There are 2 protein chains.
Amino acid sequence: MATQTEEDYIKAIFKITERNQGAANTNAIAKYLNTSAASVTDMLKRLSDKDYFHYEKYKGVYLTSKGIQMATQLVRKHRLWEVFLAKKLDFSWEEVHDIAEQLEHIKSDTLIEKLDAFLGHPKYDPHGDPIPNAEGKFTLRNQFGLSTLSKGEKGIVVGVKEHDKDFLQYLNQLEIGLGTEVEVIDVVDFDHSIKLKINNQEATSLSYKVTKNIYIKKQA
Amino acid sequence: MATQTEEDYIKAIFKITERNQGAANTNAIAKYLNTSAASVTDMLKRLSDKDYFHYEKYKGVYLTSKGIQMATQLVRKHRLWEVFLAKKLDFSWEEVHDIAEQLEHIKSDTLIEKLDAFLGHPKYDPHGDPIPNAEGKFTLRNQFGLSTLSKGEKGIVVGVKEHDKDFLQYLNQLEIGLGTEVEVIDVVDFDHSIKLKINNQEATSLSYKVTKNIYIKKQA
DNA sequence: ACGGATTTTTAGACTAGCTTAAAAATTAAT
DNA sequence: ATTAATTTTTAAGCTAGTCTAAAAATCCGT
Ligand SMILES: [Mn+2]
Ligand SMILES: [Mn+2]
Ligand SMILES: [Mn+2]
Ligand SMILES: [Mn+2]
């Protein structure tokens with residue numbers, strides 16, 4: 001069975017290739033896993049006969065279907081545990097990730113299917129990210145960056161791109177969370193900042209850096 | 001922070017000293033953890049400057065108060081997770097142990113307190129074992145081995161001594177679980193076997209080996 | 001096409017944990 | 001009190017995973 005470290009490497013490669021649309025290179029993996037490039041090369045060499053990925057020296061690495069399947073199951077577990085922590089144990093969305101990072105490695109197929117049922121087969125996690133089903137299929141959604149809305153448009157917050165704690169806590173403070181109604185009152189051309197009504201309260205100004213990390217579903 | 005292996009060693013020492021009423025010796029630990037005596041000696045040497053226990057060559061090992069506290073917290077976590085698995089996810093009592101053996105190592109103090117609250121601060125786990133509170137205090141109970149009952153006495157099953165899967169499945173088959181009402185119809189002196197009414201069904205015969213592993217609360 | 005910067009790999013060494021085989025200490029039996 | 005059996009420790013060596021420093025390969029600007 002795969003060790004926790006192995007699993008973390010596979011998931012890292014999955015996340016990086018997904019983001020980059022190409023092979024994951026050594027430095028990117030090292031940075032993602034907070035380890036040295038030398039360790040990564042070493043690990044890739046040691047793992048490369050386990051058929052999780054294709055590795056060519058100096059060319060980076062990409063997952064095989066076996067690797068993708070494993071990574072997807074890990075993402076499934078991670079996100080289901082996040083839902084459990086947020087919905088059942090009342091953790092806030094900025095607290096769930098670190099704990100789920102551990103829980104995702106618990107070995108038991110039955111466990112995750114029972115957990116899924118207990119949670120009512122949720123489709124999205126506390127950050128609005130889709131939860132793959134047991135077969136690995138993600139439910140995609142028609143979403144837009146809040147930064148793409150024009151003056152007068154309304155939406156409902158459905159997710160966040162950035163998962164950084166400070167960012168999420170800033171959103172808490174603004175009372176922005178999943179399901180929050182927003183309406184763009186004004187867009188400032190100069191810096192792309194936005195004046196936003198949040199749940200019909202008085203408008204607040206949000207920087208582009210913030211709005212481009214919030215996903216919304218458009219509202220009539 | 002303590003590694004999973006360290007935690008397993010501390011818990012093993014705790015369980016063994018509790019059972020033996022004396023220092024835990026190398027072979028006992030090795031057997032408990034399914035490892036070699038040499039590994040245990042090695043580990044004890046390496047851990048002995050971390051103040052979890054007192055170790056004297058050839059004399060075995062016993063926990064310090066720091067070690068006891070750690071072991072108790074592990075038992076608390078283990079049993080709370082078992083309750084979660086049984087009560088919320090519908091696992092049977094013979095399935096929960098192996099998964100809890102992994103879950104007990106998840107690092108987060110908040111998590112376990114929230115889980116405890118979510119479960120309604122249970123006092124006993126699915127095997128009837130007491131769950132220490134956050135301060136490490138166990139709630140003891142006035143219980144007897146089913147084998148100590150005399151003809152005519154009634155009781156309610158409150159726990160099991162043996163946690164073996166086959167034993168627990170045998171009890172499932174007999175429809176004996178926590179809360180089951182039992183009445184001793186007859187005691188056979190020769191082999192100490194017992195004729196038992198289970199939930200007022202027709203009586204079944206149980207061997208001494210079985211009855212001495214079932215704990216009951218006496219009933220008027 | 002070359003030189004410098006960047007990225008990646010190699011080399012060598014470390015820790016945690018484990019193994020088997022042999023040596024030493026302890027315990028038990030005569 | 002010896003000897004024999006048992007338990008424990010030591011010795012030597014293995015794997016997984018990590019590190020730093022140095023070498024090698026690739027990439028990039030001119
Ligand atoms: Mn992880
Ligand atoms: Mn998430
Ligand atoms: Mn464990
Ligand atoms: Mn239990």
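Order of the sequence lines fixes the chain letters, A, B, ..., with proteins taken first and strands second; residue numbering starts at 1 for each chain. This structure is a prediction, so every number in the text was calculated from the model and none was measured.
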Q: Check DNA chain D against residues 43-64 of chain A and give the residues with a non-hydrogen atom under 4.0 Å, in numerical order.
A: Met43(A), Arg46(A), Tyr58(A)
Q. Contacts to DNA chain D from residues 1-26 of chain B, heavy-atom cutoff under 4.0 Å, which residues?
A. Asn25(B), Thr26(B)
Q. Considering only heavy atoms from C-beta outward, does the side chain of Lys77(B) approach that of Leu80(B) to under 4.5 Å?
A. no
Q.
Within the 4.5 Å heavy-atom criterion, are Leu206(A) and Ile176(A) side-chain neighbours or not?
A. yes
Q: Output every pair passing side chain to side chain donor-acceptor pair (under 3.5 Å) with a member in residues 52-76 of chain B, not counting sequence neighbours, ordered by first then second residue.
A: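 For residues 52-76 of chain B, and leaving out neighbouring residues, the side chain to side chain donor-acceptor pair (under 3.5 Å) pairs sorted by first residue read Arg76(B)-Glu113(B), Arg76(B)-Asp116(B).
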With salt bridge (charged side-chain N to carboxylate O under 4.0 Å, His left out) as the rule and sequence neighbours excluded, what pairs involving [range] come up?
| range | result |
| --- | --- |
| residues 84-98 of chain B | Asp98(B)-Lys165(B) |
| residues 21-44 of chain A | Asp42(A)-Arg46(A) |
| residues 117-132 of chain A | Arg79(A)-Asp125(A) |

Taking only residues two or more places apart in sequence or in another chain, which ones pass salt bridge (charged side-chain N to carboxylate O under 4.0 Å, His left out) with [X]?
| X | answer |
| --- | --- |
| Lys161(B) | none |
| Lys212(B) | none |
| Glu18(B) | none |
| Lys218(A) | Glu153(A) |

Q) CG of Asp42(B) versus P of dA21(C): gap in Å, rounded? A) 17 Å
**Q.** Between dT7(D) (C1') and Lys31(B) (NZ): distance, integer Å
**A.** 14 Å
If you restrict it to nitrogen or oxygen atoms, what contacts under 3.5 Å exist between nucleotides 2-6 of chain D and the protein, and what is each distance?
none

Q. What orientation do His78(B) and His97(B) show, parallel under 30°, tilted 30 to 60°, or perpendicular over 60°?
A.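 Taking His97(B) first and then His78(B), their aromatic rings sit tilted (interplane angle of 30° to 60°).
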Q.
Ring-plane angle category for Phe118(B) and Phe118(A), please: parallel below 30°, perpendicular beyond 60°, tilted otherwise.
A.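 It falls in the perpendicular class, over 60°.
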Q: Validate the cation-pi geometry between Lys114(A) and Phe91(B): distance from NZ or CZ to the six-membered ring centre under 6.0 Å, angle to the ring axis within 45°.
A: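 Geometry flag: set, cation within 6.0 Å and 45°.
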Q: Return the residues of residues 32-40 of chain A meeting this criterion: a heavy atom under 4.0 Å from some atom of DNA chain C. Order them by number, or give none.
A: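 Ala37(A), Ala38(A) - these, ordered by number, are the residues of the stretch whose heavy atoms sit under 4.0 Å from the strand.
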